[in-house]
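If you scroll down you'll find the structure; I have some questions about it.
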There are 2 protein chains.
Amino acid sequence: MARRQGSHSDITGPRVRAAALRLFARHGYAAVSMRQIAGEVGLGAGALYLYTPDKQTLLFSLMHDHMQELLEKLPAAAPDQDPRARLEAFARFHIRFHLDRPDLVFIAYMELRNLTPENFAVIEAMRRRYEARLEEILCAGELAGEFRIRDVKLTTMALIAMLTGVNTWFREGGRLDREGVEAIYRDLVLKAVGAE
Amino acid sequence: MARRQGSHSDITGPRVRAAALRLFARHGYAAVSMRQIAGEVGLGAGALYLYTPDKQTLLFSLMHDHMQELLEKLPAAAPDQDPRARLEAFARFHIRFHLDRPDLVFIAYMELRNLTPENFAVIEAMRRRYEARLEEILCAGELAGEFRIRDVKLTTMALIAMLTGVNTWFREGGRLDREGVEAIYRDLVLKAVGAE
DNA sequence: GTCTATAGACAGATAGAC
DNA sequence: GTCTATCTGTCTATAGAC
C-alpha cells in the first residue's frame, strides 16, 4: 500500500500506547497528563486525540489487550492430562508471561480502580476467567488424588498472588536468572498443593 | 485539661487522617483532592492545612505510622524458639494484622510511587526490615534441618506475596472466617517450606 | 479553628490553521 | 497528521476576615 510521506499514523499509534503504558506504570494513571504522554512521543497534546477518543479509553485499551493476550496464550485446558504436569505448565507460563510484560501486569492490577464501572466489569470478568483455569487444575488434581488441598478456592488465590509477586522483586541480571526463578517457584507451588 | 468549647483540633485531626486514608485507598492518592478530604470531614479546604503542612506529608504520615505499628507489633525475634513455631506465629500475625487494616495495607503498597524520593526511602527501609524478620526465620529453620528451602530470599518474597494477597479477596462474612483463613494459610506456608 | 476568596498552575478536550 | 490556541474546569496552597 503506497502511503504518502509524513503519514505516520500506523507507527505513531503504537508509540502513543507504548509511552502511555510506560508513564502509567511509572507514575500512575491519575498522575500522568495527556501532555506528558504527547511530549514523550514528540507530539502536541491535541494530536493524541487522533489515536484515542480520551484518556480513559487509552487505559482501558491497554488493559483489555493485555488480558486478552493472557487468556489467548494460556495453555489450553487439557482435562485428560496429568494434573501435576498441567500445574507445572501453568506456573511456568504465568511466570514467563508476567516477567515479559512487567508494565502491563503492573497497570492491570494497580489501575483497576481508575476504570469506569463498565470498563472495570469487563477486565474483572477476564481476570476471573484466568483464575478459573488454575482452579480447575487444582480441582482435577485433588479429585485424582495427586494433590492434597485444604481449600481449592483459597489456594487458587494464594498461588496466583505468590506467582504474580515475582514482578515486585525480580530484576534482570540479578542473582537468579529466569530459569532459576521458574524452577524455584515450580517447587514452591508443587509443595504447597502437596504434590511432592 | 480544660479546653474551650469549639476547639476540636484533637478530634478533627484524626478525622482528617481517617478520611484521607479511606479516600486514598478507594480512589488513589493522585485522584483524591484536598477538597474531597475536607468535604468528607465537613470542613472547608483551607482548614485542612491546620492538620497537615501539605498533601504529600498526609500520605507519608499514614504510611509511616502504619509501618511503624507493623514493626512494633511483630512478635519479637526469638532465635532459641522452634523455627516452625516462629513461622506459624509470623504467618498468623501477618494475616491478622493485614485483615484488620485493609486500607492501610492497600495504600502502603499502592502509593509507594506517589512518595517523594526521600519519603520513599524511609518506607522502603521499614519494609525491608519486616521482610528480614521472615527471612531470618526461614534461615534458622533451614539450618536446624526443619525446613527444606531451595532459595531463602525468593521464598521470603513468595510467602509475603502469598500472605498479603489475602486482602485482595477476603470479605468479612464470606464463606470462610478469619480462623479458617489463618489455618489454611498456615498449612500452605508450612508445606511450601517443607515443614510438613 | 474555621471560613471565604483567591493566586497561579495545570488538567482534559476541542477548533481551526496549515 | 500535527500544531497552536483556547475553553472550561480543577488543583494545591495561602491570606485575611471572623
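Note: hydrogens, waters and symmetry copies are ignored here, and every other heavy atom, side chains too, is used. Order of the sequence lines sets the chain letters (A, B, ...), proteins ahead of strands, with each chain counted from 1.
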Less than 4.0 Å between a side-chain N and a carboxylate O, is that true for A:D65 and A:R17?
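Between A:D65 and A:R17 there is a salt bridge, with a charged N closer than 4.0 Å to a carboxylate O.
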Could you check which residues of residues 19-31 of chain B get a heavy atom under 4.0 Å from DNA chain D? Sort them by number, please.
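Under 4.0 Å from DNA chain D: no residue of residues 19-31 of chain B.
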Enumerate the residues from residues 35-42 of chain A whose closest heavy atom to DNA chain D is under 4.0 Å, giving them by residue number; use none for an empty result.
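Those residues are A:R35, A:G42.
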State which residues pass salt bridge (Lys or Arg N to Asp or Glu O under 4.0 Å) with A:R22; sequence neighbours excluded, sorted by chain then number.
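Only A:E40 meet the salt bridge (Lys or Arg N to Asp or Glu O under 4.0 Å) criterion with A:R22.
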In chain order, what residues pass the salt bridge (Lys or Arg N to Asp or Glu O under 4.0 Å) check against A:R86, with sequence neighbours excluded?
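So A:R86 forms a salt bridge (Lys or Arg N to Asp or Glu O under 4.0 Å) with A:E136.
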Polar atom pairs (N or O), protein with nucleotides 14-18 of chain D, under 3.5 Å:
none

Let me know the distance between CD1 of A:I11 and P of D:dT2, rounded to the nearest Å.
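About 11 Å, once rounded to whole Å.
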Using salt bridge (Lys or Arg N to Asp or Glu O under 4.0 Å) as the criterion, list what pairs up with A:D100, not counting sequence neighbours.
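With neighbours one apart ignored, the set is A:R178.
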Minimum-distance nucleotide to A:L50 side chain [options: D:dT2, C:dG1, C:dC3]:
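The listed nucleotide nearest to A:L50's side chain is D:dT2.
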Test of ring centre spacing under 6.0 Å for B:H94 and B:Y130:
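Judged by ring-centre distance (under 6.0 Å), B:H94 and B:Y130 do meet the cut-off.
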Does the cation-pi check pass for A:K55 over A:Y29, that is, NZ or CZ under 6.0 Å from the six-membered ring centre and within 45° of its axis?
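Pair A:K55/A:Y29 counts as cation-pi.
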Proximal nucleotide (of D:dA13, D:dT2, C:dA11) relative to the A:Y51 side chain:
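Nearest nucleotide to the side chain: D:dT2.
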